[in-house]
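These notes are about the structure you will find just below.
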Amino acid sequence: MLQLTVNGEDRSLPAGSSVSDLVSVLGLDGRKIAVERNLEIVPRSQYGETELENGDRIEIVAFVGGG
Amino acid sequence: MDDANPNVMVEDTPLVVAGRTFNSRLIIGTGKYATYAQNAEALKASGADMITVAIRRVNLSNPDEPRLVDFISPEDYTFLPNTAGCFTGEDAVRTLRLAREAGGWNLVKLEVLSDPKHLYPDMAETLRAAEMLIKDGFDVMVYCSDDPVYAKKLEEIGCCAIMPLGAPIGSGLGIQNPVNIRLIIEQTKVPVIVDAGVGTASDAAVAMELGCDGVLMNTAIAEAKDPIRMASAMKHAVIAGREAYLAGRMPKKRYADPSSPLSGLI
């Protein structure tokens, strides 16, 4: 299992999971989101081929109301 | 009025920011509304075609909570991602790169704040952040103090709109320093948009009468008793202020001047 920190919360995923798998497990498919892995943006086109590693710090953000 | 034909009004030109044309000179924020549905209604009533939005962590425990984009479509409105909550240039760049990835837009609102008590922009850090963002390919509309010296520097490094505060964010105190706002308008070639401080319709009209190219507001609408009605009031205030600016007001006088002729009195 992989131990990850996603938006500040601990999460575990099966070894070999990709960003695409994470997004899908979280129910965020098709959303207007952006994913950052260890402070580097993962372009949407590379979700499938970007494998997660143990200890990765992931941020997933979206648009909310603001001034 | 047209000199050759005094009955024809000269058409106003639309607001153009970084090559993008907007029909409305009012930009509204999307924070502090009771619901996104109310927000969407207010937006419709305001006639605005550009809105500011923030970027935040997705709520993982409730992925089905209401989302802004379900109520206000980026297909219909220009989303202007902001950097609210950022205190350094690095924070701002990180946030807006994520916004660009999420939405695909490079027109952004930069705000680098300092003390939460007054939310004044940290101008040295704002200038540094603006330089970093412009180098990274962003079109930067910049929230700034009403200091003409810094406003000039921000324009010189390539910001596409200068957005001085009228009063502290969320204060609703109106335009506190019209002299400085006017100085900034006179020296600036890109659009000048008063951002923050508007409390009611007359404040928006004052900003536009000074010659601003637009007004950006959030709390004045969101925290009105009837936000939708206030959005409509703001729409009219911005139009009225702009028209009055273009019309050119009468000179102020120290004494009365009767409106009816003095000759022919019986």
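Order of the sequence lines sets the chain letters (A, B, ...), proteins ahead of strands, with each chain counted from 1. Atom set for the values below is all heavy atoms of this structure, side chains included, hydrogens, waters and symmetry mates excluded.
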Which atom of B:Pro74 lies closest to which atom of A:Lys32, heavy atoms considered: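 Of all heavy-atom pairs spanning B:Pro74 and A:Lys32, the closest is CG-CE, 3.8 Å.
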Least distance between heavy atoms, B:Leu98 atom then A:Ala34 atom: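 Looking at all heavy atoms of both residues, the shortest contact is O-CB, 3.2 Å.
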What part of [X] gets closer than 4.5 Å to chain B, counting heavy atoms only: side chain, backbone, both or neither?
X: A:Val6; answer: both
X: A:Ile60; answer: both
X: A:Ile33; answer: both

Residue A:Arg57 excluded, over 12 heavy atoms near CZ under 6.0 Å: no
B:Glu65 CD: over 12 foreign heavy atoms closer than 6.0 Å: yes
Contacts of residues 80-92 of chain B with chain A (heavy atom under 4.5 Å): B:Pro81, B:Asn82
When rounded to the nearest 0.5 angstrom, what distance separates [atom1] in [X] from [atom2] in [Y]?
X: A:Arg11; Y: B:Leu60; atom1: CZ; atom2: CG; answer: 5.0 Å
X: A:Glu59; Y: B:Arg57; atom1: CD; atom2: CZ; answer: 4.0 Å
X: A:Phe63; Y: B:Ile72; atom1: CZ; atom2: CD1; answer: 13.0 Å

Quick check on [X] against chain A: is it the side chain, the backbone, both or neither that has a heavy atom closer than 4.5 Å?
X: B:Lys32; answer: neither
X: B:Arg67; answer: side chain
X: B:Ala99; answer: both
X: B:Tyr36; answer: side chain

Side-chain donor or acceptor of B:Glu101 paired with backbone N/O of A:Arg44 under 3.5 Å: yes
Top contributor to chain A contacts, counting heavy-atom pairs under 4.5 Å, from B:Leu216, B:Val53, B:Thr30: B:Thr30
ring-ring contact (aromatic ring centres under 6.0 Å, His included) contacts touching residues 27-47 of chain A (sequence neighbours left out): none
Check ion pair A:Glu36-B:Arg94 (N to O, under 4.0 angstrom):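 Answer for the salt bridge query: yes.
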CA sep, side-chain torsions, deciding dist, call: B:Val58, A:Leu28, side chain to side chain contact (heavy atoms under 4.5 Å, CB included): CA-CA 9 Å; B:Val58 168; A:Leu28 300 173; 3.6 Å; yes
